[in-house]
Amino acid sequence: MRKVIRRIVARRGPRSRGTDSDKRLRAEVARLRARVIDAEETMRAIRAGEVDALVVQGQAGDQIFTLKGAERSYRLLVETMSEGAATFSEDGTILYCNGSFAKMVDRPLERTMGSSIHEFVSPQHREMFQSLVREGYTCGDTPPGARNEINFGSEPPRSVPAYVSLSPLFNDAGASVLCLVATDLSAQKRSEEMLSSEHFARSIIEQATDAMLVCDENGRIIRASRGVLGFSQQLPLFSRFCDAFPSDSLQSVLDAALHGERPLGVSASLALGSGRGVVEVLASGAPLLDLGGNAVGAIVTITDVTALKQAQKGLEVAVTIREEFLSIASHELRTPLTSLQLQLDSLCRTLKGDHDWQATIRRAESSVDSAMGQVKRLTHLVDALLDVSRLRTGRFELRPEEFDLASVTRVMVASWAEQAKRAGCALRFHESLPTVGCWDRLRIEQALTNLISNATKYGPGKPVDITIDRDADNAWITVEDRGMGIAADDQERIFRMFERAVPSQHYGGLGLGLFITLGKGSTFRICLPVAASGDRPEASVAQASLVGPS
Amino acid sequence: MSTVGHRSRILIVDDDYDIRTSISAVLEEQGYSTVAVENGWEALEWMKHALPALILLDVMMPVMNGCQFRIEQMKSAAWRDIPVIVMTAKGQDELMREGMPLEGTQLVRKPFDLKTLLALVERWCLAPSG
């Protein structure tokens, strides 16, 4: 606050000349009247409190007379005002301050006066305050003076933010004293912070990608995050939770949260409305507490787990298929192992027995042949399992070489004849002209094995026809049985891994044959592109297809 | 190595040719009389004409599997008491889940050796049929 000095100068009347007594007298009266008017005006001004000091022009020059009453009223004003006020000297010593300032710097009034003002300024603002002081001395005594925001005190929460203005105060020795007026900004800062934290909290809720709903104690939605738009076409603000989310499970989450509980991960199905289907959700809730810890509402979060649930279902199916596969694989591997074990045991007994040697050798040969057959069967099974692993990890490689498809097929058919005969199947190979191409011989043998094995397994007692054809671009291997056939619905499925068209309890096999190969009777046809050696290696990949009932 | 001096008739039911023939050969060598069929249905057909002293039964077979065979067997008073050795890769729990009646059966897990099989056959064929 700036100290204002009102200047009232006593007026002087015109001087008398004294030439004419009448004239002189009249002039004297006029002078006296003027002095009276002057005095009356001065008295009125003093009474009205408009006067701080009187400057009286005397023979020794101007004399200043201050009025004690005026100083007192100013002091009273300064001492009772809510702003902090202080005067301090050039070295920073506080000459005078009011109670508000002492309170602001958290020090008793009597100990504040005489201290250095700089020690009350927070360390990070000291430099700024010093430059403000320099500015204060030069800015003159007209408002606004030098101003800035500084903090008094050291650290929060003891530090007090204040808006400070400095102006020079004239005293007898010139402008060596500064007057400081400080407005406490704590309350304002607090409300700014509260506004900002309220905004922050609201922003968290509104921007959350999960659906987050804040409800009042009556279950009315008062805040909703953007994520809620995943469940309703518009934000269901101010509608009742039970109307926006008509699900008993979700309502139970809200009710529990309103009662101070924290339900976690409750499953629910939620109809989206407008024909948008049903989603699977997980909901959690928590009470919304006031400062006193009383529940004044609840927060409910809803997460869409439809995709997750579907993936889980897929996984469960995969696990079931795998378990069934393992059970079949175990059976398939154990069958030749059992046979092998029996053959070897039998061979042992034969050799230990006291027999005619010729007969013993014949039986031993038969046992060994049979045992070799089982080993071959086991090897085939293990290879099939390895192929699955290679196909799944992308390490399945083809090794193309040039050979005659007809002769390889003829050999394969001959090697299967005995086994097919046991199933009552005659394998009929329809000879053709040599069909030379560049393919992976092992894989073709494997595919043929799978198809012939399937044909005898599913079409026992009836002939199986194997044919080789070719045109300019492709060669074809066709395996045709007269068995049970494959229902139209199953025709695509059987080419997948572990799949078969009939229950596994009835038919052996790993269910891998057609997955690796890729059949009223069923006719399977393998299409092999005829390409020059090394020309189009990718074209060597066979395409297997199921041809309709023939 | 004891040879059982009787001709108990044993019915072997297995879709695997090698197992059927090797078991049959060994049991014949031990003095048993054997009949080998490929599935449950063939076994039931055969049992309509003659009763075996013991049945060696596989589980996973086409046409009629071991479980279905056992259910049919239990329906007939004449067949119910014929003992059965179930040759399987499966466990008892799994067979029960699949609905196989297990009373009067003995499980032998594949792969098994000849000694085990012969001991079991001998135990279940104590009463010689003459």
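To find a chain, count down the sequence lines: A is the first, B the second, and so on, and within it residues start at 1.
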**Student:** Work out which heavy atom in B:E38 is nearest to a heavy atom in A:R422; give both atom names and the distance.
**Tutor:** OE2-O, 4.2 Å
**Student:** Between B:D58 and chain A, which part of the residue has a heavy atom less than 4.5 Å away: side chain, backbone, both or neither?
**Tutor:**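 The answer is the side chain of B:D58.
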**Student:** Which residue, B:T116, B:V26, B:L118, B:D113, forms the side chain to side chain contact (heavy atoms under 4.5 Å, CB included) with A:D345?
**Tutor:** B:D113
**Student:** Roughly how far apart are B:D18 CG and A:Q419 CD, rounded to 0.5 Å?
**Tutor:**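 Atom-to-atom, B:D18:CG and A:Q419:CD are 7.5 Å apart.
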**Student:** For B:W46, look at atom CH2 and say whether over 12 heavy atoms of other residues, nucleotides or ligands are found less than 6.0 Å away.
**Tutor:**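 Result for CH2/B:W46: enclosed.
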**Student:** Which bit of B:D16 is near chain A, if near means a heavy-atom gap under 4.5 Å: side chain, backbone, both or neither?
**Tutor:**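 Side chain only.
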**Student:** Rounded to the nearest 0.5 Å, what separation is found between the CG atom of A:L344 and the OG atom of B:S22?
**Tutor:**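 The distance works out to 10.5 Å.
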**Student:** First locate atom CD of A:Q343, then atom OG1 of B:T21, and finally report the distance between them rounded to the nearest 0.5 Å.
**Tutor:** 6.5 Å
**Student:** Nearest 0.5 Å please: distance from the CD atom of A:Q341 over to the NZ atom of B:K110.
**Tutor:** 13.0 Å
**Student:** Identify which of B:I23, B:N39, B:L114 forms the greatest number of heavy-atom pairs closer than 4.5 Å to chain A.
**Tutor:**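 Looking at each option in turn, the highest pair count goes to B:L114.
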**Student:** Begin with the C-alpha distance, continue with both residues' side-chain angles, and end with the deciding distance and a verdict on side-chain contact (heavy atoms from CB on, under 4.5 Å) for B:M87 and A:T338.
**Tutor:** CA-CA 10 Å; B:M87 307 176 292; A:T338 305; over 6 Å; no
**Student:** Report the distance from atom CD1 of B:I19 to atom CG of A:L342, rounding to the nearest 0.5 Å.
**Tutor:**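 Rounded to the nearest 0.5 Å, the CD1-CG separation comes out at 6.5 Å.
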**Student:** How long is the span from the OH atom in B:Y17 to the CD atom in A:E418, to the nearest 0.5 Å?
**Tutor:** 6.5 Å
**Student:** Would you find more than 12 non-hydrogen atoms of other residues, nucleotides or ligands less than 6.0 Å from B:M96 atom CE?
**Tutor:** no
